[in-house]
Enquirer: 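Got a structure for you, written out below as structure tokens; questions coming shortly.
Just so it is clear, the values below take in all heavy atoms, side chains as well, and ignore hydrogens, waters and symmetry mates. Not measured: the values here are computed from a predicted model.
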Amino acid sequence: MLAITKAGLTSILQNPSAVLFSIAFPLVFIVVFGFIGGGGFSMDIGVEQGTDENHPVFKAIASLPSVKFHRGKSTSELTTDLQKGEMDAVIGIAPAATVGTPAIVRLQTSQASRERGGLFSLILNQIVDKANLNAAQIQPSVAVLQASEVVGRKYRTIDFVLPGQLGFSLLSLGVFGTAFVFVSLRQTLVLKRFFATPIARSYILVGEAISRMTFGLISAVIILTIGHFAFGFTLINGIWTGLAMLGLSALGLLIFMGFGFVVSGLSKDESTVPPLANLFTMPQFLLAGTFFPVNNFPTWLQPVSKILPLTYLNDAMRKVAFEGAGLSDIGTDLAVLAVWSVVVYALAVKFFRWE
Amino acid sequence: MASQNKTVISVRNLVKDYGEFHAVKDISFEVYEGEIFGLLGPNGAGKTTTLEIMETLREKTSGEVLIAGLSVERDQNAIKKLIGVQLQAAGYYPSLTLLQLLDLFAGLYNVSVNHHEILALVALEDKAKSKFKELSGGQKQRFSIATTLINKPNIIFLDEPTTGLDPQARRNLWDLIRKVRDSGTTVVITTHYMDEAEVLCDRVAVVESGKIIALDSPDALIDNLVANGFERPKAVKKANLEDVFLSLTGHEWRDE
């Protein structure tokens, strides 16, 4: 059994596409999505030429962390940008004509960016009001706002993207990897040659499964490590959360390998593996909350998402990593995954073929 | 041939049906210890089926098959430890090196293996670190035979080991098979090349449509035919085209 595990692992590692798919691809996605979402919320504000940047209103705007100024564009350029939604708003502050008269603050927004433009206009209103009140030295008489902020953890894009990518990596490794290996071992008569030796058939399966599991967990460790140290992926309880994530990965991989066994049983040769395997993986890839939260899908599509195992694996991983959820908190997820593993292995027993 | 003709394989009234198709129809024969026994016949005659039943890879429909006194039904695992099997087509992870494959099979048989010795036997020492898929046809067959020897078997089964090889590689493989036989291992081989059977086998069984239609030493079979008045239509020359080919191209390994 150990010998099969070793041979299986060596042959996975020598297969560049396996390594590429399960480690490199998810990392590329993580990097891409990490950078896209990296800036967080921001408003792009065009600044008209000749704006008085020393005006208190301008300074107040400039002190907002999410405002990004774009200077030096002509009026027509700014208008086009505004129409295309590349700018959320354009402001211009003409210097006061004479001391004592108010400066004119011009604000242009567009329907192309209704939310951000609207938000900016609200903020600007408030700044202008406050500046006027201050200047008139009027003390508030109706109400005073007391706002306080609770210190919270920052939920970054990476915290959403990484578990999804990890889940997807395990999915393709489990389904494609297992299916391809068994179809090709069957076709190249490696399995038949094994049967001529005293090894038990169950050992062949277990040996192959262990080699895949080992490889899957190694890639999970690599993805988690790089995600944590290079992109600030939240592992709320440090190493323990990492281990919990690996436990979930192992459970997920077990289920996905079951799919792989089913696919290998249904496939006549290697060319029929990809379409069958995609039948399992594509819906999960798109609908299981790998890239987008399940809640963003139209309601008629959500029931589909809610039966896929990857949805629950992703959900459990996100809860564990970010909220530090314990076993009881992800009980539903685990229960659904347990049901899936029973179903999948029942199918695998029915469809798996040795020759 | 071994002196006392001690039986190591006994096949009695073997029948194998695939549904309506009768692949093997009531075959009986014995293989003696230390001989090279050939199963001859055209493609589809039932050679491979018979061989795979002896290798415990296929279930028989009826009859009795004893390998070293063990039944292929009840003692499969004990038999598998005693035999070495070479399949008609390759059965190895293509991207593993020969050393890794030897380790794998040593693990499957749960024995230790002397890589150097076993590769030297099949003249593949310099290929130890090559991947299986990088070998030539003859090298693959030689390596395949090497893996049958890992568990130091009493009997090895070779299924058309020389099919598709060039004349040099075939001769080479014959030498290897004789060497294995001379070390005390019984060899059961299938082939559809008569020249091969004639020079290599101690005894042959001719199989046709699932039946054995002749069983004797190649010499005896030829003598028998001649005694019945057979004559070749064309006078035999002292050499044939293969002799010409070999004298022109040499006997040495060509598949490196």
Side-chain angles (χ1 to χ4, degrees), chain A residues 1-22 176-212 214-215 264 268-271 273 353-355, chain B residues 48 51-59 67 70 72 75-113 131-134 140 143-145 147-148 150-151 153 155-159:
Chain A
M1 192 161 90
L2 191 67
I4 292 189
T5 306
K6 210 171 128 195
L9 199 58
T10 322
S11 97
I12 295 175
L13 291 176
Q14 274 167 355
N15 182 350
S17 69
V19 180
L20 201 69
F21 263 98
S22 42
F176 278 94
T178 309
F180 267 122
V181 160
F182 274 93
V183 169
S184 91
L185 289 186
R186 206 163 64 203
Q187 280 203 312
T188 54
L189 298 181
V190 173
L191 284 181
K192 193 170 178 185
R193 182 67 183 84
F194 283 174
F195 296 158
T197 73
I199 187 101
R201 292 188 177 199
S202 53
Y203 279 31
I204 299 177
L205 279 187
V206 174
E208 263 299 332
I210 292 179
S211 75
R212 201 144 295 274
T214 312
F215 180 70
S264 84
K268 278 194 182 61
D269 52 48
E270 287 183 345
S271 64
V273 170
R353 288 182 298 144
W354 284 105
E355 2 194 339
Chain B
T48 299
L51 203 65
E52 290 186 348
I53 290 170
M54 291 192 278
E55 292 163 351
T56 73
L57 290 178
R58 216 171 268 282
E59 303 215 335
I67 308 292
L70 299 163
V72 291
D75 307 312
Q76 292 204 357
N77 252 0
I79 292 175
K80 283 174 180 173
K81 285 178 191 162
L82 291 178
I83 64 171
V85 171
Q86 187 243 348
L87 300 172
Q88 220 171 80
Y92 304 92
Y93 284 92
S95 58
L96 295 196
T97 68
L98 302 193
L99 290 179
Q100 288 167 334
L101 284 169
L102 287 177
D103 279 333
L104 167 63
F105 277 89
L108 294 178
Y109 285 106
N110 205 9
V111 294
S112 59
V113 61
K131 292 176 179 176
F132 181 74
K133 64 181 173 194
E134 295 162 355
K140 280 181 180 161
F143 179 71
S144 196
I145 292 178
T147 66
T148 68
I150 284 178
N151 57 332
I155 309 162
I156 63 171
F157 295 91
L158 308 176
D159 197 0

Enquirer: Could you grab the distance from atom CZ of Phe194(A) to atom CZ of Phe105(B), nearest 0.5 Å is fine?
Expert: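 Going from CZ on Phe194(A) over to CZ on Phe105(B), the span is 5.5 Å.
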Enquirer: Going through the distances and angles, do Tyr93(B) and Val190(A) end up as a side chain to side chain contact (heavy atoms under 4.5 Å, CB included)?
Expert: CA-CA 7 Å; Tyr93(B) 284 92; Val190(A) 173; 4.1 Å; yes
Enquirer: Considering only residues two or more places apart or on different chains, which pairs with a residue in residues 183-197 of chain A satisfy salt bridge (Lys or Arg N to Asp or Glu O under 4.0 Å)?
Expert: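 Non-adjacent pairs meeting salt bridge (Lys or Arg N to Asp or Glu O under 4.0 Å): Lys192(A)-Glu52(B).
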Enquirer: Look at Thr147(B), Asn151(B), Ile150(B) and state which one has the largest set of heavy-atom pairs under 4.5 Å with chain A.
Expert: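 With the most close heavy-atom pairs to chain A, the winner is Thr147(B).
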Enquirer: Highest number of heavy-atom pairs under 4.5 Å with chain A: which of Asn77(B), Leu104(B), Ile79(B)?
Expert: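 Most pairs with chain A among the choices: Leu104(B).
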Enquirer: Working to the nearest 0.5 Å, report the span between CD1 of Ile204(A) and CG of Leu108(B).
Expert: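 One gets 7.5 Å once the value is rounded to the nearest 0.5 Å.
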Enquirer: Report which part of Leu185(A) has an atom under 4.5 Å of a heavy atom belonging to chain B: side chain, backbone, both, or neither.
Expert: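 It is the side chain, since no backbone atom gets that close.
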Enquirer: Side chain, backbone, both or neither: which part of Phe157(B) has a non-hydrogen atom closer than 4.5 Å to chain A?
Expert: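 Neither part, no heavy atoms under 4.5 Å.
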Enquirer: With Phe180(A), which residues qualify under ring-ring contact (aromatic ring centres under 6.0 Å, His included), at least two apart?
Expert: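 Partners of Phe180(A) by the ring-ring contact (aromatic ring centres under 6.0 Å, His included) criterion come out as none, since no residue qualifies.
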Enquirer: Any side-chain to backbone donor/acceptor pair from Lys81(B) onto Pro198(A)? Under 3.5 Å, distance only.
Expert: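 Such a contact is absent between Lys81(B) side chain and Pro198(A) backbone.
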Enquirer: If I take atom CZ from residue Phe195(A) and atom CD from residue Glu55(B), how far apart are they, to the nearest 0.5 angstrom?
Expert: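 Answer rounded to 0.5 Å: 13.5 Å.
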